[in-house]
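Naming: A, B, ... by sequence-line order, numbering from 1 per chain.
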There are 2 protein chains.
Amino acid sequence: MRTPTELAQVFREKQLKLTPQRQLLFNLLHDNESHPTAESLFEIASKQMPGISLRTIYQTLGELAEMKELQLVDIGNGATRFDPNMSEHQHFVCDSCGAIHDVDITSAPKLRAGSADGFAVEEIGVVFRGRCGRCNQGDQSRQTTKRSPGLQAKNKAS
Amino acid sequence: MRTPTELAQVFREKQLKLTPQRQLLFNLLHDNESHPTAESLFEIASKQMPGISLRTIYQTLGELAEMKELQLVDIGNGATRFDPNMSEHQHFVCDSCGAIHDVDITSAPKLRAGSADGFAVEEIGVVFRGRCGRCNQGDQSRQTTKRSPGLQAKNKAS
DNA sequence: TGTTAGTTAGCATGACTTGCAAATTAGAAA
DNA sequence: TTTCTAATTTGCAAGTCATGCTAACTAACA
Ligand SMILES: [Mn+2]
Ligand SMILES: [Mn+2]
Ligand SMILES: [Zn+2]
Ligand SMILES: [Zn+2]
């Protein structure tokens, strides 16, 4: 994603208003590597701008995504994560703490879906799952990421 | 996924009842390569067994998943897809017709997340997107897969 | 055939998003 | 600076997908 200043320029050119809500989000997202959810951004934004609407967060995130200023990262479970880092990279999701880390697949050559099958691949999404370094060592801390609650219901610890 | 007969055996051993609902699903899922949603299975099942509950479909699918008899395929958008094919393979999702096809990555060597970062990768999910052979040629048929409706709202065709 | 633990069916509830319309406001013109 | 208006923000309803809960039901076995 571009800098808040650059984005302001882009918005002006498209006769989109430079509202304080938008500017705040530009700032919160710039260089943000936490892969936040709309909800988490809402909480943070609310501190600096009490009263801002969650609806507006979704709205703005959607606009930025449409403008290719950020990408949506779908990790299967839970809310969509937003990523201002548009460079080609993949993600590692920690099943323990829920954190998402960027992963650059330098080694693995470009994947190719069998074009022989007639598929026109436009996008490839890769998500690694496991436990991050911190969660790996030490405590078996409480699981944050809920993996299909129901599917584990039967494990009744009696 | 194993055959309906084999599954019956497994269920008996685990003192799980062999209900007609379960048997029906065993049959509908066996060798099913359509990557159905719970809803689509429900519709088909309803024809052979009017009155069957969608809740039961979800319930049974969850159990089978827990038993590693089928896997959940998350394509980001829409409902979860269920896949009785447990062999290691990836998926291609057609953005035009929504169909999901199996893809065997023979060429691409095993991906590895930088273990140097201390990540313990347990699972890798890969989803290819694009247009399938049929949708690629001929008509630019109506899009079935809805990609973030809101994000395209602004494209007002006036 | 009776007994009972395992299942099903319905409906409520929850998580995450989007639709909608009234109220508000940024930005340009007067 | 005041006025004007199209763009935006809000709050709330509604939608989609999935799970929680529990009364009614039944497969399986003695
Ligand atoms: Mn990222
Ligand atoms: Mn498959
Ligand atoms: Zn972690
Ligand atoms: Zn297609």
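- When heavy atoms are screened at a 4.0 angstrom cut-off, B/Thr37 is found touching no nucleic acid atom at all.
- Between B/Phe11 and B/Phe26, the two ring planes are perpendicular [angle over 60°; tilted spans 30° to 60°].
- Contact annotation: A/Tyr58 reaches the phosphate of C/dT17 (side-chain N/O to OP1 or OP2, under 4.0 Å).
- Here the P atom of nucleotide D/dT10 and the CG atom of A/Leu24 are 11 Å apart, to the nearest Å.
- Shown here is A/Glu33, whose CD atom has no more than 12 heavy atoms of other residues, nucleotides or ligands within 6.0 Å.
- Here the closest heavy-atom approach between residue A/Pro84 and residue A/Asn32 is recorded as CG-O, 3.2 Å.
- Residue pairs satisfying the ring pair (Phe, Tyr, Trp, His ring centres under 6.0 Å) criterion with at least one member in residues 31-53 of chain B, sequence neighbours excluded, are listed as follows: B/His35-B/His91.
- Rounded to whole Å, the distance from CG on A/Leu61 to C1' on C/dT17 is 12 Å.
- In this structure, B/Asn77 atom CG and C/dT17 atom P are separated by 11 Å, rounded to whole Å.
- Between D/dT10 and A/Gln21, a contact under 4.0 Å exists linking OP1 or OP2 to a side-chain N or O.
- Atom-to-atom distance recorded for B/Leu61:CG and B/Leu41:CG is 6.0 Å, nearest 0.5 angstrom.
- Residue A/Glu13 qualifies as enclosed at atom CD: its count of foreign heavy atoms under 6.0 Å is above 12.
- Look at CD1 on A/Ile75: it is 10 Å from P on C/dC16, rounded to the nearest Å.
- Rounded to whole angstrom, the span from the CZ atom of B/Arg22 across to the P atom of D/dC25 amounts to 19 Å.
- Within the 4.0 angstrom heavy-atom criterion, base atoms lie near A/Thr56.
- Following rounding to the nearest Å, A/Asp74 (CG) and D/dC17 (P) show an atom-to-atom distance of 14 Å.
- Distances from the side chain of B/Leu18 to the nucleotides C/dA9, D/dA27, D/dT9 place D/dA27 closest.
- Nucleotide D/dA27 holds its C1' atom 10 Å from the CD atom of B/Gln23, rounded to whole Å.
- Under 4.0 Å is where a charged nitrogen must lie from a carboxylate oxygen, and between A/Glu122 and B/Arg131 no such pair does.
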- Message: Could you go through B/Arg81 and B/Leu72, starting from their C-alpha distance and side-chain angles, then the distance that decides it, and tell me whether this counts as side-chain contact (heavy atoms from CB on, under 4.5 Å)?
- Response: CA-CA 6 Å; B/Arg81 315 294 288 249; B/Leu72 312 188; over 6 Å; no
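- A/His89 and A/Asp102 share a side-chain donor-acceptor pair at under 3.5 Å.
- Rounded to whole angstrom, the span from the CD1 atom of A/Ile57 across to the C1' atom of D/dT9 amounts to 11 Å.
- For A/Thr19, the listed nucleotide lying nearest its side chain is D/dT9; candidates were D/dT9, C/dT8, D/dC17.
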Provide a list of protein-nucleic acid N or O atom pairs under 3.5 angstrom, restricted to nucleotides 4-6 of chain D.
{"unit_1": "D/dA6", "atom_1": "N3", "unit_2": "A/Lys17", "atom_2": "NZ", "d": "3.4"}

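- Between B/Pro20 and B/Ala38, the residue anchored closer to the 5' end of DNA chain D is B/Ala38, taking for each the nucleotide with the nearest heavy atom.
- Looking only at distances, no side-chain donor or acceptor of B/Gln90 sits under 3.5 Å from a matching main-chain atom of B/Asp104.
- Contacts between residues 44-55 of chain A and DNA chain D, defined by a heavy-atom separation under 4.0 Å, are made by A/Gly51, A/Ile52, A/Ser53, A/Arg55.
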